Amino acid sequence: MWDYTPKVKDHFLNPRNVGDIADADAVGEVGSLACGDALKLYLKLDENKEKIVDAKFQTFGCASAIASSSALTEMVKGKTLDEALAVSNQDIAEFLGGLPEEKMHCSVMGQEALEVAIFKYRGLEVPDHDAEHDHGHAYPDYEGTLVCKCFGITDAFLKKVIADNHLTTSEQVTNFTKAGGACGSCIPKIKELIAEVLGQAKEAAAKPKLSNLKKMQLVQEVLERDIRPMLRADGGDLELIDIDGDHVQIAFRKACAGCASSGNTAKFVEMKLRELVYEGLHVQEVSA
Amino acid sequence: MKEIYLDNNATTKVDEAVFEEMKPYFCELYGNPSSMHYFGGQVQSKVTEARKRVADLLGASPGEIIFTACGTESDNTAIRSALEVLPDRRHIITSRVEHPAVLTQCRNLTAKGYRVTEIGVDGAGRLDMDEYRKAIDDDTAIVSFMWANNETGVIFPVEEAAAIAKKNGAQFHTDAVQAVGKIPINMADSKIDMLSLSGHKLHAPKGIGALYVRKGTPFRPLMVGGHQEKSRRAGTENAAAIIALGKACQLAGEFMEAENTTVKAKCERLENALMAAIPHARINGGGAERLPNTTSIAFEFVEGEAILLLLSELGVCASSGSACTSGSLEPSHVLRAMGVPFTCAHGSIRFSLSRYTTDAEIDAVIKEMPPIIARLRQMSPFGREFLK
């Protein structure tokens with residue numbers, strides 16, 4: 001028998017927030033019968049459509065899957081959508097006092113369902129994969145190539161989980177995503193992906209530290225050259241407010257100001273700045 | 001909380017009489033049975049008695065019994081031996097639903113250049129004999145089919161399969177770990193060359209097994225060293241456990257009729273009651289000839305580990321074909337080979353009874369299971385969708 005923490009047992013035996021929300025604002029569904037676990041997450045927002053006021057779930061799966069779903073719904077209630085998006089699978093596992101490593105995929109499934117729900121709510125496209133194998137719904141920006149045919153998992157999804165959880169072995173990747181857990185024929189490819197992610201991390205770490213002046217110059221350059229033209233094309237814009245250490249403050253203008261998806265746009269800006277300037281940068285949206 | 005133990009295909013309680021029989025051979029009669037002095041000799045005579053008891057249960061002669069450490073060792077020994085005595089033959093036949101003790105070994109042997117054919121089963125778990133007849137050829141060294149499946153209890157026609165193997169000059173081995181002690185076995189009238197059994201499946205302790213090798217069957221040992229077991233399995237005998245196995249076999253023989261009447265009746269009552277009370281359930285292996293003590297039931301749209309843990313909260317011990325109980329991620333290879341749909345495979349529960357199972361225990365499980373399944377289905381998106 002698995003060595004579950006008292007909190008996992010409690011959330012399995014007395015799951016919170018089981019059920020559905022008839023008039024839910026956001027619904028995220030991941031997993032399938034074939035995969036052995038699935039989660040349907042319902043979110044209800046306040047009248048300003050900012051904060052999550054209620055969350056419910058339906059889960060098909062083991063004790064860890066049920067406990068992770070219950071924990072997730074407890075964790076996101078009262079959070080804004082952006083705050084909820086920041087909930088990681090490690091946060092879910094920590095909330096439960098830890099999960100056996102073989103069961104970490106249950107926490108990943110929780111985070112994935114949350115992202116699907118919020119992405120769909122914000123009108124971002126979620127590709128309609130084969131219903132039998134639908135892992136990867138949460139990552140429409142980088143669908144990638146199918147690696148694990150048994151569980152329908154793409155390289156993009158795997159690379160994200162490898163990087164987020166600092167995974168270094170194929171066994172860990174299987175525990176966190178299920179990929180490679182059936183026929184095992186994709187394990188060599190998984191090992192390649194680990195090497196690739198580790199290589200990227202090393203490369204990033206090896207980059208020389210930027211001076212403050214150089215960092216500010218580069219941020220301004222990237223905003224002007226790579227980001228603002230894209231926003232303007234959609235009728236929006238942004239303004240650089242301040243750079244304090246690694247914190248970049250921006251304010252959205254025109255169509256971007258007040259847009260329901262501005263949190264996601266801010267994430268995009270951060271991703272681009274991290275890619276082109278410096279990995280440690282954080283972007284904060286301010287109202288100035 | 002008093003436990004209700006319905007996981008006897010995993011392991012069994014050591015029978016009190018078995019335990020009593022083995023106890024003196026730890027601290028009092030601890031001589032080495034191979035020693036020449038009287039102190040070892042009295043242990044040797046008891047080992048000899050145990051060998052006869054095991055042989056009697058199988059309808060074999062004592063010289064055909066080799067004591068091993070477990071069923072896995074017996075399986076490994078049988079297959080390796082056959083490949084060594086028939087070095088010109090490079091083909092192995094087994095089934096897709098074997099225990100890993102056979103299946104893993106066979107798959108590993110492909111790395112050494114052996115050709116392995118895994119024969120399939122039908123939806124009820126019955127061996128595809130036509131596929132087997134087509135697969136066997138004059139390159140086949142060994143055919144290894146289990147006598148009864150550990151998950152579903154489905155019984156294979158091993159005698160018929162052995163006859164086909166003999167016609168083709170191949171040796172025939174059966175992993176009878178689940179069958180011995182539950183159904184009558186008579187090796188005297190058989191074409192089976194080798195048979196594996198395990199003590200802890202029939203109320204002897206863990207760590208003792210036996211391999212039957214038909215007299216005259218060419219054989220090569222897996223373990224070499226001393227001259228124990230007529231040089232067929234080196235290593236100082238686990239005398240206390242061997243004596244326990246002997247007693248357990250004697251008791252199993254005496255209980256055989258009850259196993260196939262009273263235990264079988266309890267198992268059928270459990271199965272029928274659960275099938276009647278719980279919609280969208282199916283018996284894995286239903287329609288096939290099965291062991292008297294085993295039933296595997298698939299409850300659609302729920303997951304096995306969750307069922308097992310809720311049962312465990314009530315003191316009920318069973319087993320699951322679910323992936324999540326095992327650490328692997330696909331449901332049981334047995335259920336997959338049978339083509340059990342995903343909607344069922346993940347939610348399959350095996351109940352395996354023993355001579356100690358009481359009517360009250362069966363009543364309790366019949367009462368507890370329906371609300372557990374209902375509760376999980378209420379929580380499952382598929383349950384709600386499909387059971388509307």
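Bear in mind that the values here come from a model prediction, so they are computed numbers and not experimental data. In what follows, chains carry the letters A, B, and so on, assigned in the order in which the sequence lines appear, proteins first and then strands, with residues in each chain numbered from 1.
With a 6.0 Å cutoff to the six-membered ring centre and a 45° limit on the axis angle, B:R107 does not count as a cation-pi contact of B:Y114.
Every residue meeting the side-chain hydrogen bond (donor to acceptor under 3.5 Å, both in side chains) condition with B:N293, not counting sequence neighbours, appears here in chain and number order: B:N9.
Note on A:A63, A:A38, A:A65: by heavy-atom pairs under 4.5 Å with chain B, the leading option is A:A63. Counting heavy-atom pairs under 4.5 Å between each of B:I307, B:L310, B:L376 and chain A puts B:L310 at the top.
Using a 4.5 Å cut-off between heavy atoms, A:S64 contacts chain B through its backbone alone, with no side-chain atom that close. For chain B, the nearby part of A:P15 is the side chain; its heavy atoms alone come within less than 4.5 Å. Contacts between A:L13 and chain B at a heavy-atom distance below 4.5 Å involve backbone atoms as well as side-chain atoms.
A:N165 and A:Q90 share a donor-acceptor pair across their side chains, judged by distance under 3.5 Å alone. Using modelled atom types and a 3.5 Å distance limit, the side chains of B:S95 and B:E98 yield a donor-acceptor pair.
Residue A:R16 qualifies as enclosed at atom CZ: its count of foreign heavy atoms under 6.0 Å is above 12.
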